[in-house]
Amino acid sequence: MLKRIYQPAAYQTHNLPDSFWVQSASPLPDCQQLPRDAVINADVAIIGGGYCGLSAALELAKNGADVAVFDAGRSGWGASGRNGGFCCMGGSGKGYGELAKRFGDDAVRHFARIQRDAINLVDQHLRNWNIDADRHSDGEVVLAHKPNRVRDLHHEADEIAHFTSIQTEFLDKDALIERGLNAGDTYGGLHVKEGFGLNPMKYLAGLHEKCVAAGVRIFEQARIDRFVEDGENYRLYAGDSQITAGKIVIATNGYSAENLPDWLGGRLMPVFSGILVTRRLSDAELSAQGWTSDLMAFDSRILLHYFRKLPDNRFLFGGRGGITATEAAFAAGKQDLLDNFHRMFPAWRDIELTHHWNGLACLSQSWRPYIGRVPGHHDVWTALAWHGNGVALASLGGKMLAECMLGISDQEDLGAVIATPMQRFPLPALRRVARSVAYRYYGLRDRYA
């Protein structure tokens, strides 16, 4: 039976998702339950216990702040425990060239450097904290799913060369087969040599442990309903409990409530993504399909698929997993994911699947992340909208947000691309209807254009 994922506005409490990551990682330590009628004081209250919230909490605590984190479920209940484990470049739904039309080449180069710094930060955490997160892959490969998309790969390589120093390599169809990257509907590939794959829950568990060691209080099943200004401080309400804090961080990403704070309303578009994981494949089964590489991969579709062979020879395949939060929508999303998996990897049609789950990625109206102060509030801050690439960027984004709050850095350090607040969607009340229409249109474009 499919696990229900709730609408972001419902902001339900829940336990960790039944994903392969949760089952393969050591359990998180029990966190504090928020007592009824509790009265809590903190320098900073952080709403959301994923990569961003915990990274901000760790940086603030290391600099002497008394930090309390409140999660509606548990750390990793949201996207941090549901993603595909791609620690890679990304964070915007627009290419470098499109961003440069608004912000200029130098600002886009700065944004690209931040993305590389984010990958390096996760790498440093894994090494310095001795986390065995099953890392693998020398970057990632994007696969052209139609012959006419091959030229787009060459254009992307040119943009990467112009805005970054990342090395790329174009692979024609024969080269893909030779390197163990054989999939159906594939006509060429671009190997972008930056980033790696990992078990995202093993990484999150290490981050969680460091926060606790630094004195961060982490409360689970603690749903913040609202907050109000109280002089120089803020008063947050979670049922009958009250929290007083001098600063607030909103780190809820695709699981954000529309009214926490009101400024977020209409600015974000949560989208569902589903993931399948197979049983362990034998060497003979891998060779039968011709996919033996451990490179992370995704295709050139608008509604893209992302996939990789895990270190234990399981295969992970992800993509859009439903449009609405209903059992019927998730069942249809799973079937569509299966159909695409079988079309691209026909030799594995009869391979048993051991896991399937859904989660929410977070898009913004501007197709960019935002890190900074929430407009209209003197000390409410946020970092969110990672566009499906939050393993790396949310980790650094939380750290950078904390540095801004501490006065260590400023908007110039963030750069214009991510320091510029996003706008509201046109007719925001209808944006989920528009999303459904857009998905159908994108599906037709992916198939026929």
Side-chain angles (χ1 to χ4, degrees), residues 1-8 10 14 16-23 78-79 81-86 143 145-146 149 182-186 254-255 269-281 285-286 288-291 296-310 314-363 388 432-449:
M1 182 176 178
L2 292 174
K3 183 178 181 66
R4 179 167 184 179
I5 309 297
Y6 292 86
Q7 292 279 19
H14 223 69
L16 291 170
D18 186 22
S19 71
F20 173 70
W21 309 132
V22 172
Q23 294 188 6
R82 302 175 191 266
N83 64 81
F86 284 50
L143 302 173
H145 79 285
K146 285 182 172 296
R149 300 297 171 90
N182 183 39
D185 293 345
T186 300
Y255 293 81
M269 178 76 80
V271 294
F272 288 101
S273 189
I275 294 177
L276 307 169
V277 174
T278 72
R279 64 161 170 80
R280 291 182 178 89
L281 302 172
E285 288 169 330
L286 293 170
Q289 173 57 51
W291 192 284
M296 303 183 295
F298 64 97
D299 63 27
S300 58
R301 290 172 173 83
I302 302 172
L303 301 179
L304 62 81
H305 303 109
Y306 50 93
F307 35 93
R308 60 188 178 104
K309 181 176 74 71
L310 302 180
R314 295 175 187 268
F315 198 80
L316 177 149
F317 187 84
R320 295 296 177 251
I323 295 175
T324 58
T326 66
E327 294 291 345
F330 284 140
K334 181 181 181 182
Q335 187 59 54
D336 182 67
L337 201 59
L338 271 171
D339 291 344
N340 282 288
F341 173 61
H342 292 154
R343 189 185 68 254
M344 295 186 70
F345 301 97
W348 299 336
R349 177 174 293 274
D350 296 323
I351 295 296
E352 178 188 358
L353 302 174
T354 60
H355 296 81
H356 168 249
W357 68 92
N358 292 283
L360 289 170
C362 182
L363 316 182
R432 289 181 174 81
V433 176
R435 176 186 62 191
S436 300
V437 175
Y439 268 34
R440 290 177 174 84
Y441 169 69
Y442 293 153
L444 292 172
R445 280 195 60 186
D446 285 337
R447 182 173 298 182
Y448 299 113

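Not measured: the values here are computed from a predicted model.
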Open item on the list: Would you compute the distance between atom CG of N358 and atom OG of S19 and round it to the nearest 0.5 angstrom?
Closed with: 11.5 Å
Open item on the list: Just verifying a value: how many Å separate H305 NE2 and R301 CZ, rounded to the nearest 0.5 Å?
Closed with: 5.5 Å
Task: Results of side chain to side chain donor-acceptor pair (under 3.5 Å) for E352 - residues two or more places apart only - done: none
- [ ] Report the residues that fulfil side chain to side chain donor-acceptor pair (under 3.5 Å) with D339, sequence neighbours left out, ordered by chain and then residue number.
- [x] Q335
Open item on the list: Hydrogens and angles aside, do H145 and D185 bring a side-chain donor and acceptor to less than 3.5 Å of each other?
Closed with: no
Task: Point-to-point distance, once rounded to the nearest 0.5 Å, from CG of D299 to OG1 of T186 - done: 7.5 Å
Open item on the list: Checking F20 now: which residues fulfil ring-ring contact (aromatic ring centres under 6.0 Å, His included) with it, not counting sequence neighbours?
Closed with: H355
Task: Reported CG-to-CG distance for the pair N182 and L286, which is rounded to 0.5 angstrom - done: 12.5 Å
Task: Distance (rounded to the nearest 0.5 Å) between L316 CG and L276 CG - done: 8.0 Å
- [ ] State whether a side-chain donor-acceptor pair under 3.5 Å links R314 with T354.
- [x] yes
TODO: Would you please indicate yes or no on a ring centroid separation below 6.0 angstrom for F330 and F272?
DONE: yes
- [ ] Decide if the gap between the ring center of F345 and the ring center of F307 is smaller than 6.0 angstrom.
- [x] yes
Task: Aromatic contact, F317 with Y306 (centres under 6.0 Å) - done: no
